[in-house]
Amino acid sequence: MARPRFTNKSALFLIASAVALLATYLFWSLAGDVKALLEHRMGMGANPSASADTIVNVIKLLLVGIVGYLFVRALNSIFFGLAFWLKRIDAPTLIRNIFTIVAFTILFLIAFTFIFPDVNLGALFTTSAIFGVILGLALQDTLGNFFAGISLQADRPFQVGDVITVGAQRHTGVVEEISWRALKIRTFTNHVVLIANSNAAKEPIEVCPRENLNARLVFFNTLYTASPAKTIHVVREAVREADNVSEKITPIVRIRNLGDNGVDYEVKYWLNDYAKYNDTDALIRQRIWYAFRRAGLNFAFPTRTLHIERHYGAAVRDGDGSAIAERLSAVDIFAPLSADETTMLAQAAVSHVFAPGETVIRAGDPGSSMFVVHKGRVRVQVSENGRSRTVATLNEGDFFGEMALFTGEPRTANVLALEETEVLEIGHAAMKRVFDTNPDLVESLSFIMAERRQGLASQSDATDTGAHSAGILSAIKRFFGLSQ
Ligand code: CMP
């Protein structure tokens, strides 16, 4: 994203240096008067003229220094702003600072030799013991950071935007800036940590580059009774389509330990954006929970809580039995069924819970069951020219998945949970029993299916619903071995 640093900052510095230049010019033209005034005021000194001269010259140098500094900052903004604007080159802060320091020093030295032509700068630097002490002691840390910063820029072991973990304290965050003094990282709790360059250069640093496919491990466990092959399959399928999980490498699910309470597993997955790994880890755990629930798998937990859970689970299932029968009797197509038939269907129905965004049915898959939305909402969508088109949104009491079940053809659309959704799955055998005793049901179903087929087809493919429904009717009868 382009930053407007070039326009705003450059203009500001240019205006400020113009104002400072004007002030310097005024002082310069009034320098003679100021000098005379000073001589008059300081009349008692040994050489008043020389002292007044020095004071005026020092003020001149200060003013020129201010103009020079503002001018160099303006130049800096224009130069690096142009580089970013034209070539998308975002120069590191360190380089920009070095540019400012070098340009300012050159300007300052030129001004100094111009204002104080008699002073020998070389001698001043080499012979000044004070200068040596300042450099040696006061600037020791600063220079250390400065050169460590240069080596970090030259080596480029990481860049702005990478996630890094530094040193024994394990500060982890996204690199925001590498300045001449310190490394600035923003942690995942939105704190800023500053690490002096000289310290960073000595510490081990773990780097997760932004452009790299970085992996994470998430742990979970199961009871010893759960089949590892089934667990691995269920979890891999549940996590591979989660947001921010890279599609380039399929997640790996494997046993890491046979633990005290159960079998310990790990999921290794690769992220598109590593900086969001906390959210993605959480999503993966959530997907595992839902997948476990659908597949009838259980997490391992201490035996003393097992009894309490069992009792609670049984009570909930009893209550659910009648709720399921009630739900099915409210579905349009099952309205003609007797109470016994509805109870039979409810007993045959299997409940599954899906997380928001999870796929319930995938277009093109084979399918031998249909679903009724018990709680929540789903979206039916098809893919056209690589883009998704929503065909319908189905609410509690609506059904889907009947097309593949009643015709034996592959699934015609994707169905995704829009929120946490519980669906009731009814299989081929249960429906056959219902059809045997309620042959009229086939007809009303065929009409609904014909309408849905119209919704699936693009406008240009629209055909006569009545003719379609007759075709579907005989297809269903053929598939279920019913008399034509
Ligand atoms: P099936 O083909 O088994 O799997 C995808 C399901 O999406 C399909 O059955 C229908 O139940 C459902 N579906 C397809 N088209 C529509 C539509 N136009 N309106 C509502 N549901 C639909």
Side-chain angles (χ1 to χ4, degrees), residues 237 241 294 327-328 330-335 337 345 348-419 421-432 434-435 441-480 482:
E237 291 309 305
E241 281 183 352
R294 287 197 298 275
R327 164 67 65 219
L328 293 180
V331 177
D332 294 354
I333 53 161
F334 297 137
L337 302 190
L345 260 193
V350 182
S351 143
H352 304 282
V353 180
F354 289 85
E358 268 197 296
T359 305
V360 184
I361 277 183
R362 197 168 281 110
D365 281 359
S368 56
S369 55
M370 63 176 283
F371 301 83
V372 171
V373 182
H374 189 29
K375 286 175 194 145
R377 274 178 327 135
V378 297
R379 173 186 289 150
V380 181
Q381 58 187 33
V382 284
S383 186
E384 279 173 0
N385 306 324
R387 303 185 66 177
S388 289
R389 176 169 67 89
T390 298
V391 178
T393 301
L394 303 177
N395 300 306
E396 289 174 6
D398 289 337
F399 63 90
F400 60 92
E402 78 292 344
M403 293 189 177
L405 169 66
F406 297 148
T407 61
E409 288 165 9
R411 298 288 189 195
T412 52
N414 292 312
V415 181
L416 292 108
L418 283 177
E419 54 199 61
T421 300
E422 184 177 355
V423 294
L424 305 172
E425 185 177 15
I426 303 168
H428 183 278
M431 279 317 291
K432 169 120 175 64
V434 169
F435 284 154
L441 214 66
V442 186
E443 202 158 338
S444 53
L445 259 168
S446 64
F447 206 78
I448 292 172
M449 283 167 63
E451 272 180 352
R452 287 187 168 184
R453 282 247 164 103
Q454 292 276 307
L456 281 178
S458 55
Q459 297 290 22
S460 56
D461 300 337
T463 51
D464 175 30
T465 313
H468 226 92
S469 133
I472 294 172
L473 180 63
S474 56
I476 300 177
K477 285 186 171 171
R478 244 193 335 273
F479 189 62
F480 278 82
L482 305 171

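Because only heavy atoms are used, hydrogens play no part in the values below, and waters and symmetry mates are left out as well, while side chains stay in. When a ligand or atom number is given, it counts from 1 through the structure's own listing order. Residues take their numbers from the sequence shown, with the count starting at 1.
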Query raised in the report: Roughly how far, to the nearest 0.5 Å, is CZ of R379 from CG of N414?
Result: 11.5 Å
Query raised in the report: With R453, which residues qualify under salt bridge (charged side-chain N to carboxylate O under 4.0 Å, His left out), at least two apart?
Result: E409
Query raised in the report: Which protein residues have a heavy atom under 4.0 Å from ligand 1?
Result: I361, V380, V391, A392, F400, G401, E402, M403, A404, R411, T412, A413, V415, R452, G455, L456
Query raised in the report: For E443, what residues pass the side chain to side chain donor-acceptor pair (under 3.5 Å) criterion, not counting sequence neighbours?
Result: none
Report summary line: For residues 392-412, the ring-ring contact (aromatic ring centres under 6.0 Å, His included) pairs (sequence neighbours left out) are F371-F400, F406-F435, F406-F480
Report summary line: The side chain to side chain donor-acceptor pair (under 3.5 Å) partner of H352 among R294, E425, E358 is E425
Query raised in the report: With a 3.5 Å cut-off and no angle check, do the side chains of H374 and E396 form a donor-acceptor pair?
Result: no
